[in-house]
Amino acid sequence: MAIEQSNCIRRFVRTCTDGWEQGWHERNGGNLTYRMSPEDVQVCEPYFSLDAGDHDHQWHDLGVTAANMAGQFFITTGSGKFMRKVSVDLEGCVGIVEINAKGDAWRIVWGLRGGGRPTSEFPTHVMNHSVRAEATNGANRVIYHAHCPNVIALSTLIEPDARTWSRILWKSMTECIIIYPEGVGVVPWMVPGGADIAKATCELMKKYQACVWTQHGLFVSGDTFDNAFGLMHTIEKSAGLYLSACAANGGNPPTKLISDEQLRDVCKAFHVSPNEDFLD
Ligand code: 13P
Ligand code: ZN
């Protein structure tokens, strides 16, 4: 079996292609990481290589420390690589990266051929894997960042405030509150790819599964590729519905958004506990 046929790589590639087809990944926009299970590592290990020539094989500082990620292996998109190309040039666009025993350095063990490096958001991804693994008792394995157009457009119109965003998203499509009853976090505009955006996002991801990056995109987590992708899709769709409804109403907010009472009824019926701070 080729590494391309392993379940983890097939699902990773499918997610990149699905995101590209949604229009979320212009050029190199967005990035995806997956924390491999011991079974995934066992299947892919025969393809790992530490020979100079295949790829950069040195240890590199992560710039942050994530002790609970020590010894973990991640599949990651490469910095500057295009989601559109992942399915046709897997080894050039994607790599498998090992974290050292202290949780503060990484090295490539497969892929990213020709001098590629993990996404510039790799420190943000690893720190958020650390936080989400802790918050979900190890269940979280996927961190996904996309440049979703409707989320970006909405972030140019409303305040970067979690309550405001969560209410708009919940109230624009009935089943949103079931998918993210805690709401969404919001990071104000920040320079991408640095330690500051990593720290700001981590603080919020202790509580939320997803964070808006103002005028930049969306950052989500999930136990599986399907759930991370589905969360991204649900939030982006709701932002789009709100924007179209505003446009159809002459640029004014929609007049018939779902009420707080209706939101509570949905939660009761589906046995979820909403974030009460965000309900009237
Ligand atoms: P990378 O190409 O380094 O993944 O950066 C893309 C991006 O969207 C940064 O936020
Ligand atoms: Zn980005």
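Remember, predicted model here, so these are calculated numbers, not experimental data. In listed order, ligands and their atoms are each counted from 1.
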Problem set entry | Residue pair Lys81, Asp89: steps toward the salt bridge (charged side-chain N to carboxylate O under 4.0 Å, His left out) verdict | CA-CA 10 Å; Lys81 305 298 182 185; Asp89 181 19; over 6 Å; no
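Using a 4.0 Å cut-off between a side-chain N of Lys or Arg and a carboxylate O of Asp or Glu, Arg264 and Asp260 do not qualify as a salt bridge.
Vertex the Zn ion (ligand 2); arms to His147 NE2 and His216 NE2; angle rounded to 10 degrees, 100°.
Exactly one residue among Arg141, His125, His129, Arg132 makes a side chain to side chain contact (heavy atoms under 4.5 Å, CB included) with Ser221. That residue is Arg132. The side chain to side chain contact (heavy atoms under 4.5 Å, CB included) test with Trp24 singles out one residue from His233, His145, His147, and that residue is His233.
Residues Asp18 and Thr15 bring no donor and acceptor atom of their side chains to less than 3.5 Å of each other.
Atoms of ligand 1 found under 4.0 Å from any heavy atom of His145, numbered from 1 in the order shown, are 8 (O), 10 (O). Per-residue contacts place Asn31 under 4.0 angstrom from the following atoms of ligand 1 (heavy atoms of the residue considered): 1 (P), 4 (O), 5 (O), 6 (C), 7 (C), 8 (O), 9 (C). Close approach to His216 involves these atoms of ligand 1, each under 4.0 Å from a residue heavy atom: 10 (O). If you number the atoms of ligand 1 from 1 as listed, the ones under 4.0 Å from a heavy atom of Thr119 come out as 1 (P), 3 (O), 4 (O).
Backbone and side-chain nitrogen or oxygen atoms of Pro192 are examined, and none is located within less than 3.5 angstrom of a nitrogen or oxygen of ligand 1. At a 3.5 angstrom cut-off on N or O pairs, His147 counts as close to ligand 1. Remark: ligand 1 and Ser120 share an N or O pair separated by less than 3.5 Å (distance only, no angle test).
The shortest heavy-atom contact between Tyr180 and Gln209 is CA-NE2, 4.0 Å. Between Gln215 and Ser155, the shortest heavy-atom distance links the atoms N-OG, 2.7 Å.
From the protein, the heavy atom lying nearest to atom 9 (C) of ligand 1 is Glu121 OE2, 3.2 Å.
Residue-ligand proximity: Gly80 is placed with a non-hydrogen atom under 4.0 Å from ligand 1.
Around the CD atom of Glu261, the shell of radius 6.0 Å holds no more than 12 heavy atoms that belong to other residues, nucleotides or ligands.
When heavy-atom distances to ligand 1 are checked against a 4.0 Å cut-off, Asn28 comes that close through both its backbone and its side chain.
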